[in-house]
Amino acid sequence: MTETTDKKIALVTGANKGIGYEIAAGLGALGWSVGVGARDDARREAAVASLRERGVDAFGVPLDVTDDVSVAAAAQLVGEQKGRLDVLVNNAGITGSADQMPTTVDLDTVRRAVDVNVYGVIRTTNAFLPLLRDAASPRIVNMSSGVGSLTRQSANDGTTGPISVAYSPSKSFLNAVTVQYAKELADTNILINAACPGFVATDLNSFRGTRTPEQGAAIALHLATLPDDGPTGGYFDDDGVIPW
C-alpha cells in the first residue's frame, strides 16, 4: 500500500555502513523518510534498526546495484510503499583489488569496479527515474571521488593517491556519466551532481582516511537539498567546484 506523506523520501545505496549510513542519518535528521539500500539482509536491517534508534524514519530496501532484477524490484518496492522518490544518492561503490598497476592488473578488477561504480549507477538511476519525476524537486547525487579528476591525476602531486587503473578511472567515467544525465535532463526539474566526500576513513581504504564518515556525508547532504535554481552536471567537494 502506498504511504501518503508530506515527508521527503530518499534512497541511499550502500547505506548499511560508512558514508552511506551517515548520509541516511543526515537526511533523516532533516525529517526525511530514508531508504537504506543494501544487498546484505542482516547488515541492512541492522542499519535500519540503528537509524531508527537515532530517530530516523528509516526503511530497508534490498538492493544489489549490479543486478537488473534486484534493482527493478527495489524500484517497485519504493513505488508501492512511498509513491515517489525525492532524492537518490548513488553511494554504493568499490575500490577493487590492491594491485591496480596498469601493466599487471587483472582485467576482472577493472570490470568489477566499472560494473559497480558506473553501470550500477546507470542501472539504479534509470530504474528510479519514474519515481523521481513524480517529486516536486528531485535530486540525484552520485558519490564520486577527487581521484576521478583528470586535472588532479595529471598533476602527479600525490593528492590522488596511488596508481589505480580500476578505481580512479571508474570515478572519471562516473563523472562523465553525470554530465550526460544532466544534459539529457536539462529540460526537467531534476538536478544531478557528482560529489567527492574527501579521504574518509572507511573499510574501503582500511580506515586510513583522515576524515570521518559524518564529514564525508556533508557534501552529499548539501547536493541533496539544493534549491531549485541550484547547479546540475557539476562536480563538488566541501570547498566547491572540483576541476574535471
Engineer: Would you say CG of L30 has more than 12 non-hydrogen atoms from neighbouring residues, nucleotides or ligands within 6.0 angstrom?
Structural biologist: yes
Engineer: Is there a chain of hydrophobic side chains (I, L, V, M, F, W, Y, each step under 4.5 Å between heavy atoms) that links L63 to L77?
Structural biologist: yes
Engineer: Should V110 and V165 count as side-chain neighbours, where that means a heavy-atom distance under 4.5 Å?
Structural biologist: yes
Engineer: How would you list, by chain and number, every residue that makes a side-chain contact (heavy atoms from CB on, under 4.5 Å) with Q76, sequence neighbours excluded?
Structural biologist: E80
Engineer: Any side-chain donor paired with an acceptor under 3.5 Å for Y181 and N126?
Structural biologist: yes
Engineer: Atom CG in L88, atom CG in L129: separation rounded to 0.5 Å?
Structural biologist: 8.5 Å
Engineer: Any luck finding a side-chain donor-acceptor pair between K8 and S33 under 3.5 Å?
Structural biologist: no
Engineer: By the ring-ring contact (aromatic ring centres under 6.0 Å, His included) test, which pairs, at least two apart or in different chains, include something from residues 223-242?
Structural biologist: Y235-W244
Engineer: Looking at every heavy atom in both S172 and G148, which two are closest together, and how far apart are they?
Structural biologist: OG-O, 2.7 Å
Engineer: Taking L223 as the starting point, is it possible to reach V241 by hopping between hydrophobic residues whose side chains are less than 4.5 Å apart?
Structural biologist: yes
Engineer: Just by modelled atom types, is the A136 backbone N or O under 3.5 Å from a matching donor or acceptor in the N189 side chain?
Structural biologist: yes
Engineer: Are any of the side-chain heavy atoms of L85 and P138 separated by less than 4.5 Å?
Structural biologist: no
Engineer: Considering all heavy atoms of both residues, which atom of T124 and which atom of V65 are nearest to each other, and what is their separation?
Structural biologist: OG1-CG1, 3.6 Å
Engineer: What are the two closest non-hydrogen atoms of A15 and A47, and how far apart are they?
Structural biologist: O-CB, 4.2 Å
Engineer: Let me confirm one number: the CG-CD distance from L27 to E22, rounded to the nearest 0.5 Å.
Structural biologist: 11.0 Å
Engineer: Any donor and acceptor pair, going by atom type alone, linking the side chain of Q100 with main-chain N or O of Y167 inside 3.5 Å?
Structural biologist: yes
Engineer: Could you check whether N193 and T232, counting side-chain N and O atoms only, form a donor-acceptor pair closer than 3.5 Å?
Structural biologist: no
Engineer: Can you check whether A25's main-chain N or O pairs, donor with acceptor, with R54's side chain at less than 3.5 Å?
Structural biologist: no
Engineer: To the closest 0.5 Å, what do you measure between NZ (K171) and SG (C196)?
Structural biologist: 9.5 Å
Engineer: Write down the atom of P130, the atom of A127, and the distance for their closest heavy-atom approach.
Structural biologist: CD-O, 3.5 Å
Engineer: Just do the side-chain contact (heavy atoms from CB on, under 4.5 Å) check on I140 and F128 with the steps written out, would you?
Structural biologist: CA-CA 10 Å; I140 302 171; F128 282 92; over 6 Å; no
Engineer: Among pairs that include at least one residue of residues 112-124, which meet salt bridge (charged side-chain N to carboxylate O under 4.0 Å, His left out), considering only residues two or more places apart or in two chains?
Structural biologist: D68-R123
Engineer: Could you give the distance from CZ (R52) to CG (D57), rounded to the nearest 0.5 Å?
Structural biologist: 7.5 Å
Engineer: Report yes or no: do L226 and V34 belong to one cluster of Ile/Leu/Val/Met/Phe/Trp/Tyr joined by side chain heavy-atom distances under 4.5 Å?
Structural biologist: yes
Engineer: Quick check: closest heavy atoms across A224 and V141, and the distance to 0.1 Å?
Structural biologist: N-CG2, 3.7 Å
Engineer: Identify whether F173 and L150 are in the same connected component of the hydrophobic contact network (ILVMFWY, side-chain heavy atoms under 4.5 Å).
Structural biologist: no
Engineer: Does the R211 side chain pair with the main chain of Q215, one donor and one acceptor, at a distance under 3.5 Å?
Structural biologist: yes
Engineer: Look only at the side chain of S170 and the backbone of N117, and say whether a donor-acceptor pair between them is shorter than 3.5 Å.
Structural biologist: no
Engineer: NZ of K17 to CG of N91: how many Å apart, nearest 0.5 Å?
Structural biologist: 10.5 Å
Engineer: Is the closest side-chain donor-acceptor distance between S144 and N175 under 3.5 Å?
Structural biologist: yes
Engineer: Can you name the closest pair of heavy atoms from L131 and G83 and give their distance?
Structural biologist: CD2-O, 4.0 Å
Engineer: Quick check: does any side chain N or O of D41 sit under 3.5 Å from a backbone N or O of R43, one acting as donor and the other as acceptor?
Structural biologist: no
Engineer: Is a side-chain donor-acceptor pair under 3.5 Å present for N142 with T178?
Structural biologist: yes
Engineer: Is the shortest distance from a Lys or Arg side-chain nitrogen in R152 or D237 to a carboxylate oxygen in the other one below 4.0 Å?
Structural biologist: yes
Engineer: Can D40 and N16 be said to form a side-chain contact (heavy atoms from CB on, under 4.5 Å), step by step?
Structural biologist: CA-CA 9 Å; D40 185 282; N16 59 291; 5.7 Å; no
Engineer: When you measure from the side chain of R139 to the backbone N and O of T225, does any donor-acceptor pair fall under 3.5 Å?
Structural biologist: no
Engineer: If you group Ile, Leu, Val, Met, Phe, Trp and Tyr by side-chain heavy-atom gaps below 4.5 Å, do M143 and I242 land in one group?
Structural biologist: no
Engineer: Would V61 and F59 count as a side-chain contact (heavy atoms from CB on, under 4.5 Å) here? Give the steps.
Structural biologist: CA-CA 7 Å; V61 180; F59 62 99; 3.6 Å; yes
Engineer: Can a donor-acceptor pair be found, under 3.5 Å and without considering hydrogens, that links the side chain of R44 to the backbone of A38?
Structural biologist: yes
Engineer: Between D64 and S70, is any side-chain donor less than 3.5 angstrom from a side-chain acceptor?
Structural biologist: no
Engineer: Is the shortest side-chain heavy-atom distance between T125 and N90 below 4.5 Å?
Structural biologist: yes
Engineer: Answer yes or no: is there a donor N or O on one side and an acceptor on the other, between the side chain of T109 and the main chain of V105, under 3.5 Å?
Structural biologist: no
Engineer: Are the side chain of T188 and the backbone N or O of I190 linked by a donor-acceptor pair below 3.5 Å?
Structural biologist: yes
Engineer: Report the distance from atom CD of E214 to atom CG of L221, rounding to the nearest 0.5 Å.
Structural biologist: 11.0 Å
Engineer: Is a side-chain donor-acceptor pair under 3.5 Å present for S137 with D86?
Structural biologist: no
Engineer: Run the side-chain contact (heavy atoms from CB on, under 4.5 Å) test on V87 and L11 for me, step by step, so that the C-alpha distance in whole Å, both residues' side-chain angles and the decisive distance to 0.1 Å come before the verdict.
Structural biologist: CA-CA 6 Å; V87 167; L11 172 67; over 6 Å; no
